[in-house]
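Residue indices begin at 1 and follow the sequence shown. Both ligands and their constituent atoms are indexed starting at 1 by order of listing.
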Amino acid sequence: MKVHILLGPPGSGKGTQAKRLVQKFKLNHLSTGDILRDAVSQGTEIGLKAKAIMASGKLVDDDTVNGLVFARLQQGFEGDVLFDGYPRTLQQAEALGEFLSTQQIGLGFVVNVAVPDGVLEARVVGRRVCSNNACGAIYHVESKPPKQDGICDLCGSPLKHRSDDTAEAFRSRMVEFNATFQPILGFYGRQTHFRSVDGNRPPEQVFEFLVQLFSENA
Ligand SMILES: [Zn+2]
């Protein structure tokens, strides 16, 4: 068993790439949300602790998140693991590194799907979503326009521009995101198995690069 990590800002397409890698290489796709749900349903000590923290309306702290992840890794897996959305802070990244070396679990690839902020902003600001929640189709004014302006191709409902898809909302999210993300990149950037992939390309090309990288590290 090896652990692989895919990093990238929201909107980088990282989630889609992760799903495809998981299918192609039969990986165990691990998100902290899933681990948390499992631990809560199994009623483990750390799961109950996390549940109590969430019930009080607080964010689950790094030590608890790490505890959940490490407990799950210790249960073992058939095949490799791909983390999605973890580690989320420098503290989590450092603790994971220590855990893996004490448990003699190998770190496979750590890849950042890099996309310039300006490109991410254009993706977000041009996004239009179908106002019919049951449909939920997503369009983009430039890269995926509907056939008729402002109308959903699939169900004919009007399209809307969500309030979190404005440039201002995007920029404030990125400031917050980068405050924790840049230290993580700095941490992994000093390690030999770290690679950055240009995410500002067609998804198929990004995937080909990841497949090649993964095959080398498998
Ligand atoms: Zn629709």
Between R173 and E121, does at least one N-O distance fall below 4.0 Å, as a salt bridge requires? no

A correct count of protein N/O/S atoms found below 2.8 Å of the Zn ion (ligand 1) gives 4

Can you name the residues that form a salt bridge (Lys or Arg N to Asp or Glu O under 4.0 Å) with E98, not counting sequence neighbours? none

Distance-minimising heavy-atom pair for G79 and N28: O-ND2, 3.6 Å

When you compare the side chain of I5 with that of L107, does any pair of heavy atoms fall below 4.5 Å? yes

Distance-only criterion, 3.5 Å: show the donor-acceptor pairs between side-chain atoms of residues 148-161 and protein atoms not counting sequence neighbours.
residue: D153; atom: OD1; partner: K147; partner atom: N; Å: 2.8
residue: H161; atom: NE2; partner: V125; partner atom: O; Å: 3.1
residue: H161; atom: NE2; partner: D165; partner atom: O; Å: 3.1

Under the salt bridge (Lys or Arg N to Asp or Glu O under 4.0 Å) test, which residues partner R201, sequence neighbours left out? none

